2 protein chains.
Amino acid sequence: MVSNRGSRPRSRGPSIEDVAGLAGVSAQTVSRVANEADNVRPATRERVLQAMDRLGYTPNRAARALRNGAFGSIGLIARTFARTGEALTTQSVVEAAEAQGYSVTLLAVREPEANGWRHAVQRLSHQAVDGLIIIRAEETTPESFLLPRGLPVAVSDSRFIGYYPDVGADQVQGTRDAVEYLLGLGHRTVHHLAGPADSEPAMTRNASWHRTLEGAGISPPAVWRGDWTAQSGYEAGREIVADASVTAVYVANDDMALGLLSAAHEAGRRVPEDLSVIGFDDIDLSRFAHPPLTTVRQDFDRAGRELVRLVLQQLAEPGSVRYDERVLLPTTLIVRGSTAPPPAP
Amino acid sequence: MVSNRGSRPRSRGPSIEDVAGLAGVSAQTVSRVANEADNVRPATRERVLQAMDRLGYTPNRAARALRNGAFGSIGLIARTFARTGEALTTQSVVEAAEAQGYSVTLLAVREPEANGWRHAVQRLSHQAVDGLIIIRAEETTPESFLLPRGLPVAVSDSRFIGYYPDVGADQVQGTRDAVEYLLGLGHRTVHHLAGPADSEPAMTRNASWHRTLEGAGISPPAVWRGDWTAQSGYEAGREIVADASVTAVYVANDDMALGLLSAAHEAGRRVPEDLSVIGFDDIDLSRFAHPPLTTVRQDFDRAGRELVRLVLQQLAEPGSVRYDERVLLPTTLIVRGSTAPPPAP
DNA sequence: GCCCAGAATGTTGACGTCAACTTAGCACCG
DNA sequence: CGGTGCTAAGTTGACGTCAACATTCTGGGC
C-alpha cells in the first residue's frame, strides 16, 4: 500500500449519533430503524426517518463491514473487462449480485504473470470482499498464489478449474457440434484456429476438435493460433485463406472468426461457397456479419448468475460447495450463412 | 437494506493483534510495518513480516476505511457494462484507478427511470466509495435525485453534463468531420441514423449533423433512430437501403453502422459504390467489417483516465474542480472502405 | 391503584486500525 | 558517568455500527 490517501480524512457525513440527536432517541434506535427491525413504535420510526432524511444520512458501510465481518461486495478479477466474453460475464455477474444485495468490485490484473495475480488477490482478498470470482485466469496457475482460507471463490474459464468450483460453457460438446456439423456438410476435414495456448477454454476447444476429428477417422491438421482478437484472426486468416485446400475452419471465438472473414474477403475467397467458417460465443455482431456467422452460442448471462450463486452459497453455508464442482452450461449451434457444403473439386 | 447477510459473521482472518502476538511486538509496530513506516528497526521489521506471512495476514480494509474515512474505491454507475462503449470505458477506468491504488465498484442501474438511479446512488453513495463516476446516464436528469454533498463525481456522455465535471469525446467536431467528408466526396446530402432521443451524445451528434448540413446550405432530411444496438441499426437499415435516393449515411455509432451494412448486403445494395456509411467509435471489429468501416474514432482509454483524474483531484483538493468543467477529447476520422463518391446518376 | 408481562428504548463494548502521544532504549558528548 | 537528543517501540482512544444485555415504559388484569 503505497498511496497516501487517507492522510487527511475527507469530511465525514452524518453518523448514526447525529441522527439520534436530532430525533431525540438513542443511536441504537436509529440503527433499528435503519435495519428495519419491527420493534420500534411507528411514531418513533417516523421521527427517526425524518431526521435521517433531513441530514441525508446513509449508514457507513465501512463501520457495518467492520462490525459484521461482511462487506456486501463480491470481487471480480480478470485480465480485462473490455473483451466481449469478459464484458458480458461482468454484466451478468453485476446483475445477479445486485439482485442479492451485493455490489461488485473489479480488479484488473495488469501483469499477466503470477505476480500480477498475486497482487490483485492481495488487494481484493479477504478483507475487502465477501467472495471472489475469477474469470479467464489464463496466465497463471493456482499454486502460484494462495487465497485466504475460507474466502468463497468461484471461477470461470480458467486454469483454476479443479481447484475451485467452476462455471463454464460445455466447450467439448459445443465444439463437437460445430465440427460434426461441418463434416456432415461433406467437408473432408475441418481446420482449427485456436485461442492462446495458456487459455483453458482455448485448449479445451482445441482438444475437443482434435478428438472429434479422430473419432471420425480423420487425422487432425496443424492448428493456427490467435489471441482471441479480431486482429489475430485476420492475421491467421491471411495464411488460412491462402491455402486453397482448406474448405472449413472452426474458429475458437467469434472475434477471430470475423477477422478471418475479413481476410477471406480481401483475398477474394468466398464464404461460404469456397470456405465455411464457424465461430464460438454468438456475440451480437455475428448475426450482422457478412455473411452472418454460424457459431456456437454460449449463455454468458447464465454463467454470471451461476458464479454469483456459487459464491453466495459458500458464504451462507461454508463447505456446502465442493471445490471441484463444475457447472456445465449447454451451448447451441446457431447455423447462419457462413457454412455450406465444400466446393466441388 | 433487506438482505440478511452478516447475521452470522464469517470467520475472520488474523488481525493485527495476532501478528503482534506472534512477533512479540505491539500492534502499532505491526501497523507501522504494514504501512511501510521507516522508523522500525530492520530486525523487528523482519520478525513482523515473517509473522504476517505465517498467519497470512492482510489488513482489514473495513477497519482501515473506518479509521481513515476513505475506502480506496471508486464507484462506477451505468445502465450496462456490456455494450462496447461502456465496456471500454469501464476497462480504462479500472486501469487508471488501479494505477492510483483504487479499486472500482460497479453498480448497474436496473430500472431506467429515476428510481433505479436513485436506488443505485443510495447504495453506492457516500459511504461505500470515495467518489463516483457516472457514465451514459441516459434516462434521468440530475434533479431527480440528490447525491451526498461533498462526494466527488465525474460524468461522461450523460445528461448530468453541466451539473458535474464531464469527460467526453468532441462529438460536435467528430460529427462535422464525418459529414463534411461525405459532402466533400460529392454527396448531395447526408442522412443520419441517430441514437436514442434520451441520450446526450446521441442528441449532440444529431444536432451537429443538423448544423453542419445547414452550414453547407443543405436542408437536413428526416433522421432514423436506433438504440445503439446492431439489431436496431439493421432494422433502420432495411428502410434506409430501400430508399434509392440515399447515398450517404452518418450513423451515430459503429454497432448500428454494422447492422446497417448487414441490411445493405441483404438488399444487394453495394457499399460504398451505391451507399457510403460512416460510424462513430472505431470499435475493434469495424476494421474487419466488409467493407472496413469508415468511422470517427474516440479515445475511450483517455476518457477513463480523465474521469479518474477528475474524481481523485476533487478528493485531494475539494473545490479544485468546477462543477461545469468539461474535458473534450479530440476525435479522429478514420477513413476505410465504406465511403466513396456517390454513384453516377 | 398496583403488579406484571411484554414491548420499546437505552447502555455498553467490541469489531481492526492507526494518529497522537508517551515511554523506553541507545549513542554520543563533555 | 550523568546528561542530551535521538530513534524505536508501546499505550490510548476514536472512527460508526450493532448484538447483547439492561432498563424503562405501556397497558391490562385484578
Side-chain angles (χ1 to χ4, degrees), chain A residues 1 3-21 23-48 51-52 55 57-72 126-128 130 148, chain B residues 1 3-21 23-48 51-52 55 57-72 126-128 130 148:
Chain A
M1 301 289 160
S3 103
N4 66 338
R5 63 194 145 69
S7 52
R8 181 215 318 90
R10 81 167 219 271
S11 66
R12 287 158 187 270
S15 82
I16 205 169
E17 287 288 353
D18 301 322
V19 177
V25 298
S26 75
Q28 182 57 42
T29 298
V30 176
S31 169
R32 281 194 261 259
V33 171
N35 292 286
E36 297 171 11
D38 51 358
N39 53 345
V40 178
R41 221 172 332 170
T44 313
R45 176 194 311 281
E46 200 45 48
R47 212 143 28 91
V48 171
M52 283 179 172
L55 295 174
Y57 168 80
T58 354
N60 182 319
R61 295 232 289 174
R64 269 198 173 160
L66 178 57
R67 179 92 232 305
N68 300 336
F71 293 81
H126 192 46
Q127 306 293 4
D130 301 316
Chain B
M1 299 284 161
S3 103
N4 66 338
R5 61 195 146 68
S7 52
R8 183 216 316 90
R10 78 167 223 272
S11 65
R12 288 157 186 272
S15 81
I16 205 170
E17 286 289 353
D18 301 325
V19 177
V25 298
S26 75
Q28 182 57 41
T29 299
V30 176
S31 169
R32 280 194 261 261
V33 172
N35 291 284
E36 297 171 12
D38 52 357
N39 52 346
V40 179
R41 219 173 333 168
T44 312
R45 174 193 312 281
E46 202 44 50
R47 211 143 28 91
V48 171
M52 283 180 172
L55 296 174
Y57 167 80
T58 356
N60 182 318
R61 293 233 290 173
R64 269 196 174 162
L66 178 58
R67 180 92 231 303
N68 300 336
F71 292 82
H126 191 49
Q127 306 293 3
D130 301 317

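Order of the sequence lines fixes the chain letters, A, B, ..., with proteins taken first and strands second; residue numbering starts at 1 for each chain. Owing to the predicted nature of the structure, the values given are computational and were not obtained by experimental measurement. Just so you know, these numbers use all the heavy atoms, side chains as well, and skip hydrogens, waters and symmetry mates.
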Closest approach to the side chain of [X], judged atom by atom: which nucleotide of [options] is it?
{"X": "A63(A)", "options": "dG16(D), dG10(D), dG16(C)", "answer": "dG16(D)"}
{"X": "Q28(B)", "options": "dA20(C), dT17(D), dG16(C)", "answer": "dA20(C)"}
{"X": "S26(A)", "options": "dT11(C), dT17(D), dG16(C)", "answer": "dT11(C)"}
{"X": "N60(B)", "options": "dC18(C), dA14(C), dG16(C)", "answer": "dG16(C)"}
{"X": "R67(A)", "options": "dT9(C), dG16(C), dG16(D)", "answer": "dG16(D)"}
{"X": "T29(A)", "options": "dC15(D), dA19(D), dT9(C)", "answer": "dT9(C)"}

Interatomic distance where [atom1] belongs to [X] and [atom2] belongs to [N] [whole Å]:
{"X": "L55(A)", "N": "dG16(D)", "atom1": "CG", "atom2": "P", "answer": "13 Å"}
{"X": "R45(B)", "N": "dT7(D)", "atom1": "CZ", "atom2": "P", "answer": "15 Å"}
{"X": "N35(B)", "N": "dC18(C)", "atom1": "CG", "atom2": "P", "answer": "4 Å"}
{"X": "I16(A)", "N": "dA14(D)", "atom1": "CD1", "atom2": "C1'", "answer": "16 Å"}
{"X": "E17(A)", "N": "dC18(D)", "atom1": "CD", "atom2": "P", "answer": "12 Å"}
{"X": "L66(B)", "N": "dC15(C)", "atom1": "CG", "atom2": "P", "answer": "14 Å"}

Step by step, would you call N60(A) with S15(A) a side-chain contact (heavy atoms from CB on, under 4.5 Å)? CA-CA 8 Å; N60(A) 182 319; S15(A) 82; over 6 Å; no
Got a donor-acceptor pair under 3.5 Å from the side chain of R32(B) to the base of dG10(D)? yes
Between R47(B) and A27(A), who's closer to the 5' end of DNA chain D by nearest nucleotide? R47(B)
Validation row: M52(B), V30(B) side chains within 4.5 angstrom (heavy atoms): yes
Just N and O in the side chain of [X]: are any of them under 4.0 Å from OP1 or OP2 of [N]?
{"X": "R41(B)", "N": "dA9(D)", "result": "yes"}
{"X": "N68(B)", "N": "dC18(C)", "result": "no"}
{"X": "T44(A)", "N": "dT9(C)", "result": "yes"}

What do the steps show when you test R64(A) against N35(A) for side chain to side chain donor-acceptor pair (under 3.5 Å), and what is the final call? CA-CA 11 Å; R64(A) 269 198 173 160; N35(A) 292 286; 3.2 Å; yes
Would you indicate what N39(A) reaches in the nucleic acid, counting non-hydrogen atoms under 4.0 angstrom: base, sugar-phosphate, or nothing? base
Where A62(B) and A65(A) come nearest, the two heavy atoms and their spacing: CB-CB, 3.6 Å
Between R45(B) (side chain) and V33(B) (backbone), is there a donor-acceptor pair under 3.5 Å? no
